[in-house]
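For reference, the structure discussed in these notes is given below.
Sequential numbering from 1 along the given sequence is applied to the chain's residues. Just so we're clear, the structure is a prediction, and the values are computed from it rather than from any experiment.
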Amino acid sequence: MQKSGNFATITVITGSSPATLADTGFARLDMAYRFDCQAGTYKTPLFAAYDADGNFVGAVNDDSEPWEAVNPEATAGVILALACNGMVPEDSELAGTPQGIVSDYRDFISQQ
């Protein structure tokens, strides 16, 4: 997670369900979100995919997409609050501070 002025960037790492893995071959997808915090807009200029063995499958790096408004009720709203404000919304399924969430995730990954 990085913030400079009104702009913040955060990478979200998601694991695939068994059905998605079977359909796509992607076990993990890393998505970079870029936020204009003041305007309340975002874009996802980078995606990277990995297979079940952790091997890199491919990536899309395209920063030409237009900025989109963040829906505060959607996942992007939670990610914006984390990246731009350094806080987790009270009604989020995530609990704790951003640093604690990252630390817990690193612990989880190291045990896999």
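Hydrophobic cluster membership of Tyr50, counting Ile, Leu, Val, Met, Phe, Trp and Tyr whose side-chain heavy atoms lie under 4.5 Å apart directly or via other members: Phe56. Other cluster members for Phe7: Trp67, joined by side-chain heavy-atom distances under 4.5 Å among Ile, Leu, Val, Met, Phe, Trp and Tyr.
Looking at residues two or more places apart in sequence or on another chain, you find no side-chain hydrogen bond (donor to acceptor under 3.5 Å, both in side chains) involving Asn85. By the salt bridge (charged side-chain N to carboxylate O under 4.0 Å, His left out) test, Asp62 pairs with no residue at all, sequence neighbours left out. Checked against side-chain hydrogen bond (donor to acceptor under 3.5 Å, both in side chains), Gln38 has the following partners two or more places apart in sequence or in another chain: Asn6. With sequence neighbours excluded, no residue forms a ring-ring contact (aromatic ring centres under 6.0 Å, His included) with Phe26. The side chain to side chain contact (heavy atoms under 4.5 Å, CB included) test applied to Thr20 returns Ser16, Ser17, Thr24, not counting sequence neighbours.
Within the structure, the side-chain hydrogen bond (donor to acceptor under 3.5 Å, both in side chains) test picks out the following pairs touching residues 52-61 (sequence neighbours left out): Asp51-Asn55. Here disulfide bond (SG atoms under 2.5 Å apart) pairs that include residues 28-84, with residues two or more places apart or in two chains, are Cys37-Cys84.
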*Which is it for Ile13 and Arg28 under the side-chain contact (heavy atoms from CB on, under 4.5 Å) test, yes or no, and what are the steps along the way?*
CA-CA 7 Å; Ile13 300 169; Arg28 185 181 110 196; 3.5 Å; yes

*Tell me, with the steps shown, if Val70 and Glu68 meet side-chain contact (heavy atoms from CB on, under 4.5 Å).*
CA-CA 6 Å; Val70 173; Glu68 297 179 43; over 6 Å; no

*side-chain contact (heavy atoms from CB on, under 4.5 Å) between Ile79 and Val12: does it pass, once the steps are laid out?*
CA-CA 9 Å; Ile79 299 169; Val12 175; 3.8 Å; yes

Below 3.5 Å, can you tabulate the donor-acceptor pairs from side chains in residues 41-48 to any protein atom, sequence neighbours excluded?
from	atom 1	to	atom 2	distance (Å)
Lys43	NZ	Asp63	O	3.1
Lys43	NZ	Asp63	OD1	3.4
Lys43	NZ	Glu65	O	3.1

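The heavy-atom pair separating Ala27 from Leu21 by the smallest distance is N-CD1, 3.7 Å.
For the pair Leu82/Ile10, a side-chain contact is recorded, criterion being any heavy-atom separation below 4.5 Å from C-beta on.
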